[in-house]
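Everything below concerns the one structure shown next.
What you see below is based on every heavy atom in this structure, not just the backbone, and it leaves out hydrogens, waters and symmetry mates. The first residue of the sequence shown is numbered 1, and numbering continues consecutively from there.
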Amino acid sequence: LVVSAAPYMNETLIARAIGRIAAAHPRLRIDCRSVHPFEVVRQVLAGETDLGVANLFGLDREERIAVEALPSRPVYLACRSGHPLTRMANPTLAQALQFPLVTTRLRGAQAALAASGGLPDRLGDGIDADYVPPVLVNSVALARVIAQESDMLVPGTLAMLADDLSHGRLVRLNCTAPAMRTTDGMLYLRDRSLSPAARAFIATLRQVEAEVQAAHAPV
């Protein structure tokens, strides 16, 4: 079983799903690759991987790829304890986005939101927006630590931020927008039959996703 996934997905859902598949099928050989979302798509198209997991932005234009969307999850901004924003009663998104982001490359509506600084009149349609943050990372763990040591903001789902939030290393900000949601899914070639192992992985990943959703439901 070969699975190619974006780093953010690997550090949250994929690792759990791979662990369960390995435990259930100890003789199965597994190649779990952590690569850029663009590379995930390339490997799927080249037939180099059984399954890809990444952001679905722009894939509606690629007829060769079949897509199974994962449930969309809210994305929040978090900052270090003692950050200037924590001294404000209810900071707006525009006020929050005056501080730089540390995250992966953003595309589509999320990219447009970041580039606009949270100001609606500068938002645009976001169809082909692309945003490279001031500090570009490909790891949730890296982004969280960088945010703890600076005034940068780290975006993430509750599952990504849970440990730091519960221990007070990061503080969740209560400013949000409709575009602040995940748009991830599973990708594979339309004309290529999925192996039993790939189908088992898909079912396991959906189970893991449901458990994570239930454990980290917004409050």
Side-chain angles (χ1 to χ4, degrees), residues 1-21 30-76 103-114 125-131 138-140 143 155-161 177-218:
L1 173 66
V2 182
V3 177
S4 300
Y8 270 44
M9 294 297 294
N10 265 336
E11 292 180 35
T12 51
L13 302 177
I14 305 300
R16 291 178 180 273
I18 290 291
R20 293 187 189 185
I21 288 290
I30 302 173
D31 181 357
C32 182
R33 304 172 179 177
S34 186
V35 296
H36 191 280
F38 295 121
E39 179 64 9
V40 172
V41 175
R42 189 201 67 77
Q43 290 188 12
V44 170
L45 289 171
E48 298 173 5
T49 185
D50 298 304
L51 193 73
V53 186
N55 189 300
L56 300 181
F57 176 79
L59 288 179
D60 54 337
R61 309 167 193 172
E62 182 49 74
E63 296 181 354
R64 292 173 291 171
I65 292 181
V67 170
E68 292 191 27
L70 289 165
S72 180
R73 295 160 285 149
V75 172
Y76 300 93
T103 185
T104 186
R105 190 186 197 104
L106 302 178
R107 302 183 70 196
Q110 291 186 6
L113 185 67
D125 57 25
I127 294 175
D128 293 309
D130 190 78
Y131 179 78
N138 64 355
S139 163
V140 178
T157 64
L158 289 181
M160 293 176 186
L161 304 172
M180 294 172 63
R181 299 192 66 87
T182 61
T183 55
D184 302 310
M186 296 170 284
L187 330 171
Y188 50 88
L189 287 175
R190 289 188 184 278
D191 59 358
R192 181 177 178 179
S193 297
L194 289 173
S195 67
R199 292 190 181 279
F201 175 80
I202 289 174
T204 302
L205 182 59
R206 289 202 177 279
Q207 181 182 20
V208 168
E209 167 67 25
E211 292 172 4
V212 169
Q213 285 273 42
H216 301 285

For [X] and [Y], work out which heavy atoms get closest and say how close.
| X | Y | result |
| --- | --- | --- |
| V53 | V40 | N-CG1, 3.8 Å |
| P155 | V75 | CB-CG1, 3.9 Å |
| A17 | T204 | O-CG2, 3.8 Å |
| A5 | I14 | CB-CG1, 3.9 Å |
| S34 | P7 | OG-CA, 3.5 Å |

Between [X] and [Y], is any pair of side-chain heavy atoms under 4.5 Å apart?
| X | Y | answer |
| --- | --- | --- |
| Q213 | P71 | yes |
| I202 | L194 | yes |
| T12 | V212 | no |
| V3 | R33 | no |
| D184 | L56 | no |
| Y76 | T157 | no |
| E209 | R73 | yes |
| M186 | L205 | yes |

Once you round to the nearest 0.5 Å, how far does [atom1] of [X] lie from [atom2] of [Y]?
| X | Y | atom1 | atom2 | result |
| --- | --- | --- | --- | --- |
| L70 | M9 | CG | CE | 5.5 Å |
| Y188 | I65 | OH | CD1 | 11.5 Å |
| E211 | H216 | CD | NE2 | 10.5 Å |
| F201 | C32 | CZ | SG | 7.0 Å |
| Q43 | F38 | CD | CZ | 14.5 Å |
| S4 | L187 | OG | CG | 10.0 Å |

Q. Any salt bridge between R190 and E63, counting N to O under 4.0 Å?
A. no
(Q) Tell me whether E39 is salt-bridged to R42, with the criterion being a basic N under 4.0 Å from an acidic carboxylate O. (A) yes
Q) Hey, is the main chain of V2 close enough, under 3.5 Å, to the side chain of D50 for a donor-acceptor pair? A) yes
Q) If only atom types and distance count, is the side chain of T49 paired as donor or acceptor with the main-chain N or O of L51 below 3.5 Å? A) yes
Q: With salt bridge (Lys or Arg N to Asp or Glu O under 4.0 Å) as the test, would you mind laying out the steps for R206 and E68 before giving the verdict?
A: CA-CA 10 Å; R206 289 202 177 279; E68 292 191 27; 3.4 Å; yes
Quiz question: by atom type and distance under 3.5 Å, do the side chains of [X] and [Y] form a donor-acceptor pair?
| X | Y | answer |
| --- | --- | --- |
| T104 | N138 | no |
| S139 | E11 | yes |
| R181 | S72 | yes |
| Q110 | Y131 | no |

Q: Check step by step if salt bridge (Lys or Arg N to Asp or Glu O under 4.0 Å) holds for R64 and D191.
A: CA-CA 8 Å; R64 292 173 291 171; D191 59 358; over 6 Å; no
(Q) Are there over 12 heavy-atom neighbours, none belonging to R199, within less than 6.0 Å of that residue's CZ? (A) no
